[in-house]
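Following: one structure in structure tokens, then a few remarks.
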Amino acid sequence: MTADPTATPRAETGPLYADVIVPRHLAGSFTYRVPRSLKPVLRIGHLVLVPFGRSVLQGAVIALRDTHPPSVARDRLKEIRALVTDGHAAEIPPELLHLARRVAEAYVAPWGQCLRLVLPPRAMAKTGASRFLLTDLGKQALAARQSGSSAVLDLLRRLKRRPSGIKGATLRGRPDQSQHALLASLVEQGWVQEMPDPGLSHGRAAEGPPAGEARDLFCGEILSPGDASFHPTEWESRIDGALAARRPARMLVQAASPERLALLRHAAGRTLEQGRTVLVIVGEAERAELIAAALSRDGAVAAACLHGAVPDNQKAGMWERIRREQTRVVVGTRSAVFLPLRSLGLIWIDREEDPALKEPQEPRYHAREVAWMRAQDEGALLVLGSTHLTLESALGDEQGEQALLKASIRRETATVEVVDLRGEERGTILSSALVEAMRDACARQSGVLLFLNRKGYAGALICRDCGQVPRCPSCQVAFAYYRLKGALRCPYCGGTRAIPDLCPSCAGPRVQLIGEGTERVEEEVKRLFSRARVLRVDGETMRGPKQAAALYQRIRRREWDVLVGTQLLLREDLVPAVGLVGAVQADAGLSLPDFRAAERVYHLLVDAVGLARPSSAGGRVILQSYLPSHHAIQGVLHQDETVFSTEEMSHRTALGYPPAVHLVVLHVSGTQEKSVEQAASAWVSCLSALPVRGTGASGTVGHGSGDRAGGLIILGPVPSPVPKLRGRYRRQILIKSPSRDAAVRRVRATVLQLEQESPFRSIKFDVDVDPVEMW
DNA sequence: AGCACGCCGACT
DNA sequence: GTCGGCGTGCTC
């Protein structure tokens, strides 16, 4: 961000100064003197060790220069300690350095922080540092003042104050060099002890690899095309065409998982033939393993798999092999989008709607968007694949921002019916229509699956007359039933209410608890069908790999007539297609406090429909609902995506939610409630007052949103849903903007301004661009 | 963010 | 006094 890489022509001896970014929450870069020995070799992208405050850090060189920055006196500049090597000079490939910067800009995060994303895994570890601790002998020596030297006593006292020890770099890095010798002599005397620095303790080796064994049993089917209606050749040729162009392109593939994987295999093979490489990104580690295995199946492709559960030491080796193009196909979770693949030809995002593609901490990037940045920079084809495309992706399609191809592969589905639960008797779990259909399916032994979407909905209150859920008046969030207290409780503000006798919306008397869950459904099935074999599939019965594997077996061996379960039933290849699927509470989840609630419910129900056999094979789906007119239900009923998406889009547009606008959420937190409030208000006025300054790094030309209002809608500040967390008060501001770029530019300018202003020293300003979890 | 300094209350 | 928690400030 500082300094121009192509500054002044430098002397033959090489550059005098280097701008370095470090992996810390710091906005700018830091300038260092280049030692004579490095002058001829140092290049942009090199990893270097630099003294930083009291410690030594790894950083990356982002610019070389012959003049020191005017803001810092020359004698304050420190010298680069060394080049990081692992045989050769370690360096960050230029495209990745650039990618890190683009991410930093797009998500208003420090470039140095984004540097972490592209660093080789090994380099993340601490630089073999050590700590110094005071020994018992040293304590005695201090107590007895066994040394006349005040320097020695000072040092001993300092060490004593810090039972966890002080880092070697800290002690040695002090201004006077005598410390070094002093320390050595104290170690020799046995007063001070040197220990290896434990470094980052959050190495996550504990998680271990996912339980792949139980799962492998079911991989066999994954690539078998669903049914005869799949005509892949057309889409294969479209992909071939897009790959042959060797230009950045985006393509949407809407198809069921087996078809998608078949297409991926084809695309991967074609990309490799071109001499280019393939990157596949998915939300979950488990699915990454599955896809990697599927791609590698016949040995044609050697796909590496990278995700959080892979131990760090293995990651380092994989990173190297990828960089050397020994590994040419990689499947991984979101952070894998930063892997150093060269001559990248294809990036495939599978299940692009998966919220896990969004990083929940700074830098809060979305792997789908980063993938698009990479595809643009490296001339690759980006494929967004899913059974359900997000409205965001679908709208991008219609707007034709980029050359976009859309593949939609349809399967024949089951017949869908809706049962209006408001017409049923009080307390009905299984409507008579569903029971009838179950009886029928059991008689044919075609299999029954009862699907309960109760996520975030366990134990709530619903009105049997109007279908409404009582909401917290201050948060507009559905109340949850709190069993312990027998009362309603708002999950966000914590406010409690007694259970009302009458519905707050329609004043009807039929207010009831629902969401009792799978157990109750299971009991009901057993009561009504005493001879049926019932298996329950939920978080409880699937807990632990052993139990899960056993349950897999039983499902597999068809030791059941009725399966009752949660979303777990939707797992890939868990259940063979059945004759009847019942969605027990199809509208559960519609009341969640999230503007994407309806979209999620719709997707879940479409998935549930996919679990039934096609109607030509007698497949039926019954949706039980209190809100049968809701467009999520109607869309599934009519098997017409536009029924859902048209209505949903008009809601989003009317209420100002994506994809009609872009959202940016700003978080302000601090220990003093008042200053948090003040800072939040200051941010809002700064946002609305600031005439957009041309500070930006003069990237792309703006979209003509230069007017004062900038088309931004600024809401808040309001207390965050959890207004106080770990002693810090939190407020948030919501920004809506037709242009993400305009909003981001504005926010970036204000963050810089606020962080520099003195009254807000201890306040943390946090930005979330395109939030996925809003609250 | 990380890391250490220094202020403050608790306690042998 | 000394121990150790927590708030504060700096990093070329």
Quiz prompt | side-chain hydrogen bond (donor to acceptor under 3.5 Å, both in side chains) against A:Arg323, all qualifying residues, sequence neighbours excluded | solution = none

Self-check item: DNA chain C stem ranges, 3 or more consecutive Watson-Crick or G-U pairs under 3.5 angstrom
Solution: B:1-11 with C:1-11

Practice problem: Could you state the atom-to-atom distance from CG of A:Leu26 to P of C:dC10 in whole Å? | Solution: 13 Å

Quiz prompt | Counterpart residues, salt bridge (Lys or Arg N to Asp or Glu O under 4.0 Å), relative to A:Arg321 (two or more places apart) | solution = none

Quiz item: Between A:Leu115 (CG) and B:dG2 (P), how many Å, whole number?
Solution: 13 Å

Practice problem: Whole angstrom is fine here: how far is it from CG in A:Leu64 over to C1' in C:dC12? | Solution: 15 Å

Quiz prompt | Whole-Å distance separating the NZ atom of A:Lys78 from the C1' atom of C:dC12 | solution = 8 Å

Practice problem: Using atom CD1 of A:Ile21 as one end and atom C1' of B:dG2 as the other, report the distance to the nearest whole Å. | Solution: 17 Å

Quiz item: So what does A:Pro51 hit on the nucleic acid, given a heavy-atom distance under 4.0 Å: a base, only sugar-phosphate, or nothing?
Solution: sugar-phosphate

Practice problem: With sequence neighbours left out, write down each residue that passes side-chain hydrogen bond (donor to acceptor under 3.5 Å, both in side chains) with A:Arg364, or none if nothing qualifies. | Solution: A:Asp766

Quiz item: Is A:Glu359 paired with A:Arg334 through a side-chain N to carboxylate O contact shorter than 4.0 Å?
Solution: yes

Self-check item: Listed nucleotide nearest any side-chain atom of A:Phe52, set B:dC3, C:dC12, B:dA1
Solution: C:dC12

Practice problem: Using whole Å, report how far NE2 of A:His25 lies from P of C:dC10. | Solution: 17 Å

Self-check item: Main-chain N/O of A:Ala742 paired to A:Ser739 side chain as donor or acceptor, under 3.5 Å
Solution: yes

Exercise. Using side-chain hydrogen bond (donor to acceptor under 3.5 Å, both in side chains) as the criterion, list what pairs up with A:Ser669, not counting sequence neighbours.
Key: A:Arg728

Exercise. Nearest whole angstrom, please: distance from the P of C:dC12 to the CZ of A:Arg74.
Key: 18 Å

Quiz prompt | Candidate nucleotides B:dC3, B:dA1, C:dC12, ranked by approach to the side chain of A:Lys764 - the nearest | solution = B:dA1

Self-check item: Under the side-chain hydrogen bond (donor to acceptor under 3.5 Å, both in side chains) test, residues paired with A:Asp768 that sit two or more places apart
Solution: A:Lys358

Practice problem: Please work out if A:Tyr32 contacts a base, only the sugar-phosphate, or nothing of the nucleic acid, heavy-atom cut-off 4.0 Å. | Solution: sugar-phosphate

Quiz item: Between B:dA1 and A:Arg54, is there an OP1 or OP2 to side-chain N/O distance shorter than 4.0 Å?
Solution: no

Quiz item: In whole angstroms, how far is the P atom of C:dC12 from the CD atom of A:Glu79?
Solution: 14 Å

